[in-house]
Participant: 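The following block contains the structure, expressed as structure tokens.
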Amino acid sequence: MTKTALITGITGQDGYYLSHLMLGKGYRVVGLIPPTRQSSIVKLGDLAERVEIYSVDLTDAAALTQAVEQLQPTEIYNLAAPSFVPASWDDPLGTLDLITGTATRLLSATRQLGLATRFYQASSSEIFGDVQSAPQSEETPFRPKNPYGAAKLHAHWTMVHHRDRYGLFACSGILYNHESPRRPPQFVTRKITLAAAAIKLGLRDRLSIGNLDAKRDWGFAGDHVEAMWRMLQAATAEDYVIGTGKLHTVRDLVSAAFSCVGLDWQKYVETDPELVREDEHFQLVADPSKAMRNLNWKPQVRFEQLVETMVQADLKRLVANNLSTVGIHS
Ligand code: NAP
Ligand code: G4F
């Protein structure tokens, strides 16, 4: 029988890579998209015709339950979230409601309907927040430092409660930063690769950036969605830390991106104190050994390859757009 995968946040970066993976495995893929966000379907590009769309407001518990009852999914991937961390300070309650609320509503629906649906919660390294040690594993204490991290932690605990109390097959992937040419331009990787490409093509001459010494564990989105799927195929429902285990600075990122286009980054990059986040002294880096051991998962794409792919994609896109500046964000 054909398996059905239900995905919230299907129009985001991970939604695209996960849909691609699931379609390749023969799943019927259904995206739950709110009526107000139907215009985002265009972001699915070549997959728009291959996935099904179910229009539903993710904040409407009854409508979500009806969707789950009708679709009878084999697996649910709950990816929808306002995912740009600084924005969560502007709307903490909206962030909490969408992230925690959607997880709770979907888990409750699965439980009430008595389904054997397997549930994936898109958690984040931001739940570790102000870490006291590095790298972080599934045993590391949670100390979120922003409304986004707090909402993701609440969603995580809600999932754990449903697993422990009701026996649902549910798990969290605690994912570190993962990137691709589909990453929106406000995130630092894409901001940099887009700027390097635009400067190379003579479309702009500066890039303003925040803290060059900030560090992250950057992997490829395609690798990380593979881990999501593997978690739901495991014999037991468990949570996993997913990342490359390697730290790089924003300076490394800028240097790698500009060297892809043969430019000296120091001539074009300026720092803007307004873009520096407070209190970023911590080192968020994964210890993915549990996923490597239990899921036989490991990242395939190296940092330099990832940056190169993103820069080349941005060059191609800008050239294809007739060198227009559409889509360039400063
Ligand atoms: P993304 O590209 O920002 O996509 C987010 C998705 O959520 C989009 O489909 C977006 O719809 C939808 N969404 C946002 N706000 C919404 C709202 N108020 N109501 C309904 N839908 C809403 O994020 P991603 O990079 O694919 O990440 C997928 C998930 O993993 C997210 O939950 C994110 O928090 C989490 N995560 C990501 C990373 C990472 O490094 N990428 C790391 C750890 C965890 P539109 O397309 O209409 O905007
Ligand atoms: O690309 P970022 O904005 O991603 P951030 O905040 O780490 O969050 C991403 O990863 C999380 C998982 O670890 C996800 F949960 C979350 O949804 C999202 O996908 O910033 C990365 C780093 C930060 O240290 C930031 O301070 O880059 C630093 N940075 C330095 N200058 C900058 C800039 N970030 C942005 N966006 N813009 C800058 O100019």
Side-chain angles (χ1 to χ4, degrees), residues 7-19 31-44 56-59 77-88 91 94-95 97-99 101-103 120-129 136 144-146 148-149 151-152 155 172-180 182-192 195 207-221 224-225 228 241-243 247-251 253-254 269-286 329-330:
I7 304 176
T8 71
I10 195 169
T11 52
Q13 170 189 257
D14 292 5
Y16 178 88
Y17 285 98
L18 183 64
S19 297
L32 295 187
I33 304 185
T36 50
R37 304 180 92 90
Q38 296 287 313
S39 59
S40 298
I41 292 170
V42 68
K43 291 196 280 174
L44 281 163
V56 63
D57 177 355
L58 301 182
T59 65
Y77 295 85
N78 183 33
L79 308 184
S83 73
F84 189 52
V85 175
S88 68
D91 184 15
T95 303
D97 189 33
L98 204 273
I99 292 179
T102 306
Y120 173 85
Q121 172 58 23
S123 195
S124 163
S125 59
E126 286 290 325
I127 68 175
F128 294 131
Q136 297 83 43
K145 279 186 62 83
N146 50 59
Y148 169 87
K152 285 286 183 187
S172 278
I174 306 173
L175 270 56
Y176 286 66
N177 301 46
H178 46 280
E179 318 293 319
S180 75
R182 292 187 170 266
R183 188 64 140 156
Q186 70 268 35
F187 294 92
V188 75
T189 50
R190 184 77 201 294
K191 178 174 173 176
I192 291 170
L207 166 64
S208 287
I209 205 85
N211 184 4
L212 283 166
D213 295 318
K215 293 176 183 156
R216 283 290 188 268
D217 176 337
W218 280 292
F220 171 52
H224 285 48
V225 302
M228 297 177 186
V241 158
I242 302 294
L247 268 182
H248 289 276
T249 60
V250 172
R251 183 180 284 98
L253 193 52
V254 169
V269 178
E270 62 200 9
T271 50
D272 177 353
E274 291 281 307
L275 296 169
V276 175
R277 296 183 198 171
E278 286 173 27
D279 280 349
E280 266 204 329
H281 59 274
F282 45 85
Q283 300 199 344
L284 284 175
V285 57
H329 298 238
S330 58

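Counting convention: from 1, in listed order, for ligands and their atoms alike. Atom set for the values below is all heavy atoms of this structure, side chains included, hydrogens, waters and symmetry mates excluded.
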Participant: Would Ser123 count as a contact of ligand 1 if the rule is a heavy atom under 4.0 Å away?
Facilitator: yes
Participant: Among all protein heavy atoms, pick out the one at the shortest distance from atom 15 (F) of ligand 2; state its residue, atom name and that distance to 0.1 Å.
Facilitator: Ser124 OG, 2.5 Å
Participant: Out of Asp57, Thr11, Ile10, indicate the one that has the non-hydrogen atom closest to atom 11 (O) of ligand 1.
Facilitator: Thr11
Participant: Among protein heavy atoms, which sits nearest to atom 4 (O) of ligand 2, and what does the distance come to when rounded to 0.1 Å?
Facilitator: Asn177 ND2, 3.6 Å
Participant: Tell me: protein heavy atom nearest atom 14 (C) of ligand 2, and distance?
Facilitator: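 Its nearest protein heavy-atom neighbour is Tyr148 OH, 3.5 Å.
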Participant: Given Gln13, Arg37, Arg216, which one has a non-hydrogen atom that is nearest to atom 16 (C) of ligand 1?
Facilitator: Arg37
Participant: Could you see which bit of Thr8 sits under 4.0 Å from ligand 1, with heavy atoms only: side chain, backbone, both or neither?
Facilitator: neither
Participant: Within ligand 2, which atoms have a heavy atom of Ile209 less than 4.0 Å away?
Facilitator: 31 (N), 39 (O)
Participant: Of the choices Gly149, Pro86, Ser125, which has the non-hydrogen atom that lies closest to atom 12 (C) of ligand 2?
Facilitator: Ser125
Participant: Can you pull out the closest protein heavy atom to atom 22 (C) of ligand 2? Residue, atom name and distance to 0.1 Å, please.
Facilitator: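 Checking every protein heavy atom, the shortest distance to atom 22 (C) of ligand 2 gives Arg216 CG, 3.8 Å.
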Participant: Under 4.0 Å, counting heavy atoms only: does Asp217 come that close to any atom of ligand 2?
Facilitator: no
Participant: Minimum distance, heavy atoms only, to atom 41 (N) of ligand 1: which one of Gln38, Gln186, Arg183, Lys43 is it?
Facilitator: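 Ranked by closest heavy atom to atom 41 (N) of ligand 1, first place is Arg183.
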Participant: Can you pull out the closest protein heavy atom to atom 26 (O) of ligand 2? Residue, atom name and distance to 0.1 Å, please.
Facilitator: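 For this ligand atom, the closest protein heavy atom is Glu280 OE1, 2.7 Å.
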Participant: If you have a sec, work out which protein heavy atom is nearest atom 4 (O) of ligand 1 and how many Å separate them, to one decimal?
Facilitator: Gly12 CA, 3.2 Å
Participant: Just going by heavy-atom distances, which of Phe187, Phe84, Trp218, Tyr148 is nearest to atom 36 (N) of ligand 1?
Facilitator: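 The residue whose heavy atom sits nearest atom 36 (N) of ligand 1 is Tyr148.
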Participant: Heavy atom under 4.0 Å from ligand 1: found in Asp14's side chain, backbone, both, or neither?
Facilitator: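 Within the 4.0 Å criterion, Asp14 contacts ligand 1 through backbone and side-chain atoms alike.
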Participant: So with a 6.0 Å cut-off around CD of Glu270, is the heavy-atom count from everything else above 12?
Facilitator: yes
Participant: Less than 3.5 Å between some nitrogen or oxygen of Lys152 and one of ligand 1, yes or no?
Facilitator: yes
Participant: Which ligand 2 atoms are under 4.0 Å away from a heavy-atom of Asn211?
Facilitator: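 In order of number, 30 (C), 31 (N).
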Participant: Between Arg277, Lys152, Arg216, Lys145, which is the residue that forms a salt bridge (charged side-chain N to carboxylate O under 4.0 Å, His left out) with Glu126?
Facilitator: Arg216
Participant: Nearest non-hydrogen atom to atom 37 (N) of ligand 2 belongs to which of Arg190, Lys191, Glu274?
Facilitator: Lys191
Participant: Kindly confirm or rule out an N or O of Leu175 lying under 3.5 angstrom from an N or O of ligand 1.
Facilitator: no
Participant: I'd like the name of whichever of Ser83, Gly15, Ser40 reaches closest to atom 47 (O) of ligand 1 through any heavy atom.
Facilitator: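 Checking each option, the heavy atom nearest atom 47 (O) of ligand 1 is found in Ser40.
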Participant: What atoms in ligand 2 come closer than 4.0 Å to a heavy atom of Val85?
Facilitator: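 Those of ligand 2 that fall under 4.0 Å from Val85 are 6 (O), 8 (O), 16 (C).
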Participant: Starting from atom 36 (N) of ligand 2, what is the nearest protein heavy atom, named by residue and atom, and what distance separates them?
Facilitator: Gln186 O, 2.9 Å
Participant: Just go through Arg182, Glu179, His178 and tell me whose heavy atom is the nearest to atom 37 (C) of ligand 1.
Facilitator: His178
Participant: Heavy atoms only: which of Asp272, Val276, Val250 lies closest to atom 28 (C) of ligand 2?
Facilitator: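 Comparing heavy atoms across Asp272, Val276, Val250, the nearest one to atom 28 (C) of ligand 2 lies in Val250.
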Participant: If you take the nearest heavy atom of each of Gly31, Gly9, Ala81, which one is closest to atom 5 (C) of ligand 1?
Facilitator: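 That would be Ala81.
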Participant: Looking only at heavy atoms of Leu284, does any of them come nearer than 4.0 Å to an atom of ligand 2?
Facilitator: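 Outside the 4.0 Å threshold, so no.
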Participant: Of the listed options (Lys152, Lys215, Arg277), which comes nearest to atom 25 (C) of ligand 2 when hydrogens are ignored and any heavy atom counts?
Facilitator: Arg277
Participant: Look at atom 34 (N) of ligand 2 and find which of Leu275, Thr189, Val188 reaches it with the closest heavy atom.
Facilitator: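 Going through Leu275, Thr189, Val188 one by one, Val188 has the nearest heavy atom to atom 34 (N) of ligand 2.
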Participant: Where is the nearest protein heavy atom to atom 29 (C) of ligand 1: which residue, which atom, and how far?
Facilitator: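 In this structure, atom 29 (C) of ligand 1 has Leu79 O, 3.2 Å as its nearest protein heavy atom.
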Participant: With heavy atoms of Ser83 as the reference, note each atom of ligand 2 found under 4.0 Å away.
Facilitator: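 With Ser83 as reference, the close atoms of ligand 2 come out as 16 (C), 17 (O), 18 (C).
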Participant: Quick one: does ligand 1 sit under 4.0 Å from the side chain of Pro34, the backbone, both or neither, non-hydrogen atoms only?
Facilitator: side chain
Participant: In terms of atom number and element, which parts of ligand 2 are under 4.0 angstrom from non-hydrogen atoms of Phe84?
Facilitator: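 Going through ligand 2 atom by atom, the ones under 4.0 Å from Phe84 are 3 (O), 36 (N).
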Participant: Which heavy atom of the protein is the closest neighbour of atom 31 (N) of ligand 2, given with residue, atom name and distance?
Facilitator: Gly210 N, 3.0 Å
Participant: Could a heavy atom of Arg183 be found less than 4.0 Å from some atom of ligand 2?
Facilitator: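 Yes, Arg183 has a heavy atom closer than 4.0 Å to ligand 2.
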